[in-house]
Enquirer: 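Here it is: the structure, laid out below.
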2 protein chains.
Amino acid sequence: MKNDPMSRHCPIVYAMDRIGGKWKMPLIWLIHQYPGVRYGQIRKAYAGITNTVLTRALQELEQDGLIRRVDFEEVPPRVEYHLTGKGKAAVPAVLAITDWGREQMEADGKRPLLAVIEEEK
Amino acid sequence: MKNDPMSRHCPIVYAMDRIGGKWKMPLIWLIHQYPGVRYGQIRKAYAGITNTVLTRALQELEQDGLIRRVDFEEVPPRVEYHLTGKGKAAVPAVLAITDWGREQMEADGKRPLLAVIEEEK
DNA sequence: CGGCATCCCACGTGATACTG
DNA sequence: CAGTATCACGTGGGATGCCG
């Protein structure tokens, strides 16, 4: 049902259409922590993700106006990702999810661990 | 990849495993707004959902310790749903998502509309 | 380095029918 | 009223290989 009142008017459905799925919130979180992070750095940070999937997620986030893709048009290529205003506005929601997840993981005796990107020199 | 560091340790993945999917956050929101809401009331509020899907979502939320199912063991049946402590702890995250969704819907010129349950007399 | 083109499949979601 | 039991399907996610 794509045309029922739920799908058309529910703010949660609207939000999850844009930042739901397996990788989008982690990506927003990462780009928020490391503004201007590069494609290759994201791949390393989230070792499980493949090119296809990462590229698709980034494209959708860009099309929905949450992130900005900055291509320096160099050889070899260099591309940075930043949050837009709309993307930044989503950060509190992503952090709220993260906080609850971390709390509950600890209550379950699991070790929460956030992605880290090595500083370059 | 179920055993990579991402899936095992990321608080967002942990959280989305429990409150992700199409209906779980709307359900948490509804049960938060209307503590003790009944099965049939939920069905009416979310007209698009079917028995199978609603029941499964409620069962998973219960198994994950987010909601409590109160069966009055009457005929005809009467069952109420409540949030547990763990479920209540998730409410701020759900509200943060809702707020962002509503903001962006308005910015897009769409009409956000939240489910309402009629008072009974 | 930062992708794209293809192909593929599990599984989340749902339609339909029936029950205590 | 509050569910079960089956079956079916679309698509989000992924594997693999190639390109400028």
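Chain letters run A, B, ... following the sequence lines, proteins first, then strands; residues in each count from 1. This is a predicted model, so every value here is computed, not measured.
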Enquirer: When rounded to the nearest 0.5 angstrom, what distance separates CZ in B:Arg69 from OH in B:Tyr81?
Expert: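 Going from the CZ atom of B:Arg69 to the OH atom of B:Tyr81 covers 4.5 Å.
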Enquirer: In this structure, how many angstroms lie between the P atom of D:dA2 and the CD atom of B:Glu62, rounded?
Expert: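 The distance from CD of B:Glu62 to P of D:dA2 comes to 15 Å, rounded to the nearest Å.
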Enquirer: From the options C:dC1, C:dA5, C:dG14, select the nucleotide whose nearest atom is closest to the side chain of B:Val53.
Expert: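 Nearest nucleotide to the side chain: C:dG14.
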Enquirer: Could you tell me how far apart B:Asp71 (CG) and D:dT4 (P) are, to the nearest whole angstrom?
Expert: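 Rounded to whole Å, this separation is 11 Å.
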Enquirer: Look at the side chain of A:Pro76 and decide which nucleotide, out of C:dC1, D:dT16, C:dG3, has an atom nearest to it.
Expert: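 Between C:dC1, D:dT16, C:dG3, the one nearest the side chain of A:Pro76 would be C:dC1.
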Enquirer: Counting side-chain heavy atoms from CB outward, which of C:dA17, D:dG20, C:dG3 is closest to A:Pro77?
Expert: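 Shortest atom-to-atom distance from the side chain points to D:dG20.
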Enquirer: Would you say B:Arg43 reaches D:dC1's phosphate, i.e. side-chain N/O to OP1/OP2 under 4.0 Å?
Expert: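 No.
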Enquirer: Let me know the distance between CG of B:Asn51 and P of D:dC1, rounded to the nearest Å.
Expert: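 After rounding, the reported distance stands at 12 Å.
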Enquirer: Among C:dG3, C:dT6, C:dG14, find the nucleotide with the atom closest to the side chain of B:Lys22.
Expert: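 Selected nucleotide (nearest to the side chain): C:dG14.
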Enquirer: Taking only side-chain N and O atoms of A:Tyr81, does any of them lie within less than 4.0 angstrom of OP1 or OP2 on C:dG3?
Expert: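 True: A:Tyr81 side-chain N/O within range (under 4.0 Å) of C:dG3 OP1/OP2.
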Enquirer: Would you mind reading off the distance between A:Phe72 atom CZ and C:dG3 atom P, rounded to a whole angstrom?
Expert: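 So the two atoms are 13 Å apart, to the nearest Å.
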Enquirer: For the atom pair CG (B:Asp71) and CZ (B:Arg78), what is the distance rounded to the nearest 0.5 Å?
Expert: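 Rounded to the nearest 0.5 Å, the CG-CZ separation comes to 10.0 Å.
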Enquirer: So which atom in A:Gly36 and which in A:Glu80 form the shortest heavy-atom distance, rounded to 0.1 Å?
Expert: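 Minimum heavy-atom contact is O-CG, 3.2 Å.
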Enquirer: Go through it in stages, so that I can follow the logic: the residues are B:Ser7 and B:Tyr14, the test is side chain to side chain donor-acceptor pair (under 3.5 Å), and I'd like the CA-CA distance, side-chain angles, deciding distance and then a yes or no.
Expert: CA-CA 7 Å; B:Ser7 300; B:Tyr14 176 99; over 6 Å; no
Enquirer: Output yes when at least one side-chain N/O atom of A:Gln59 is less than 4.0 Å from OP1 or OP2 of C:dC4, else no.
Expert: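 Yes.
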Enquirer: Between C:dG14 and B:Trp23, is there an OP1 or OP2 to side-chain N/O distance shorter than 4.0 Å?
Expert: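 It does, given that an N or O in the side chain of B:Trp23 lies less than 4.0 Å from OP1 or OP2 of C:dG14.
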Enquirer: Please confirm whether any donor atom in the side chain of A:Thr52 sits under 3.5 Å from an acceptor in the base of D:dT16, or the reverse.
Expert: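 A donor-acceptor contact between them is present.
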Enquirer: Select base, sugar-phosphate, or nothing to describe what B:Arg56 touches, counting heavy atoms under 4.0 Å on all strands.
Expert: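 Base, at least one base heavy atom under 4.0 Å.
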Enquirer: Minimum heavy-atom separation for A:Pro11 and B:Arg102, please, with both atom names.
Expert: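 Heavy atoms only, the tightest pair is CB-N, 3.7 Å.
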Enquirer: Of the candidate nucleotides C:dA15, C:dG3, D:dT4, which contains the atom at the shortest distance from the side chain of B:Thr55?
Expert: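 For the B:Thr55 side chain, the nearest candidate turns out to be D:dT4.
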Enquirer: Name the closest nucleotide to the A:Tyr39 side chain, picking from D:dG14, C:dG2, D:dG3.
Expert: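 For the A:Tyr39 side chain, the nearest candidate turns out to be C:dG2.
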Enquirer: Nearest whole angstrom, please: distance from the C1' of C:dA15 to the CD1 of B:Ile49.
Expert: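 It works out to 14 Å between those atoms.
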Enquirer: Quickly work out the A:Leu54 CG to C:dC4 P distance and round it to whole Å.
Expert: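 It is 10 Å, rounded to the nearest whole Å.
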Enquirer: Mapping B:Gly21 and A:Leu58 to their closest nucleotides on DNA chain C, which lands nearer the 5' end?
Expert: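 Between the two, 5'-proximity favours A:Leu58.
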Enquirer: What is the distance, to the nearest angstrom, from the CD atom on A:Gln41 to the P atom on C:dG2?
Expert: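 Rounded to whole Å, this separation is 8 Å.
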Enquirer: Could you grab the distance from atom CE of A:Met6 to atom CD1 of A:Ile12, nearest 0.5 Å is fine?
Expert: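 Rounded to the nearest 0.5 Å, the CE-CD1 separation comes to 6.5 Å.
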Enquirer: Rounded to the nearest angstrom, tell me the gap between atom CD in A:Glu73 and atom P in C:dC1.
Expert: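 It is 19 Å, rounded to the nearest whole Å.
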